[in-house]
Amino acid sequence: MLTIKVNNKEYQFTEQSVLQEVISKLKIPLNGVAVAVNETIVSKSDWSTTILNQNDNVLVITATQGG
């Protein structure tokens, strides 16, 4: 089992995954989000090649409108 934290919540995966797969499995909206893995921002074009490892910490930030 592979344990990955997403926004401080632990998730279990049966196999090593790339960031894009994790975002898809967790049904995280794709528009207006920024993602960091272990405090390093990952551009959207790199999501499909960024391999996540045991105990990686993923932070997903969603843009909101305000005034």
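Residue numbers count from 1 along this sequence.
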Checklist entry - Under 4.5 Å between side-chain heavy atoms, hopping through other hydrophobics if needed: is there a path connecting L2 to W47? => result yes
Checklist entry - Stepwise, does the side-chain contact (heavy atoms from CB on, under 4.5 Å) test hold for L59 with N7? => result CA-CA 5 Å; L59 177 64; N7 290 355; 3.4 Å; yes
Checklist entry - Are side-chain heavy atoms of T49 and Q20 found at a separation under 4.5 Å? => result no
Next on the checklist: For T3 and E10, which I'm curious about, is there any donor-acceptor pair between the side chains at under 3.5 Å?
Outcome noted: no
Checklist entry - Within a strict 4.5 Å, meaning less than it, do heavy atoms of the V58 and V22 side chains meet? => result no
Item to check | Shortest non-hydrogen contact between M1 and Q12, atoms and distance | outcome: CB-OE1, 3.6 Å
Checklist entry - Honestly curious: do V60 and L26 fall in one hydrophobic cluster under the side-chain, below-4.5 Å linking rule? => result yes
Next on the checklist: What I want to check is whether the side chains of D56 and N38 have a donor and an acceptor closer together than 3.5 Å.
Outcome noted: yes
Item to check | Stepwise side-chain contact (heavy atoms from CB on, under 4.5 Å) test for F13 and K25 | outcome: CA-CA 10 Å; F13 295 92; K25 286 178 185 176; 3.9 Å; yes
Checklist entry - In terms of hydrophobic clustering (I, L, V, M, F, W, Y; side-chain heavy atoms under 4.5 Å; direct or indirect links), are V37 and V18 co-clustered? => result no
Checklist entry - Can you tell me how far CG of D46 sits from OG1 of T40, rounded to the nearest 0.5 angstrom? => result 12.0 Å
Next on the checklist: Measuring only between side-chain heavy atoms, which start at C-beta, is S17 closer than 4.5 Å to L52?
Outcome noted: no
Checklist entry - Could you give the distance from CD1 (I28) to OG1 (T62), rounded to the nearest 0.5 Å? => result 8.0 Å
Checklist outcome for this item: Residues K44 and L30: closest non-hydrogen pair is NZ-O, 2.9 Å
Checklist entry - With a 4.5 Å limit on heavy-atom distance, are the side chains of V35 and I23 in contact? => result yes
Next on the checklist: Taking the side chain as everything from C-beta on, heavy atoms only, tell me whether Y11 gets closer than 4.5 Å to K5.
Outcome noted: no
Checklist entry - Side-chain heavy atoms under 4.5 angstrom apart, residues restricted to Ile, Leu, Val, Met, Phe, Trp, Tyr: same cluster for I4 and I41? => result no
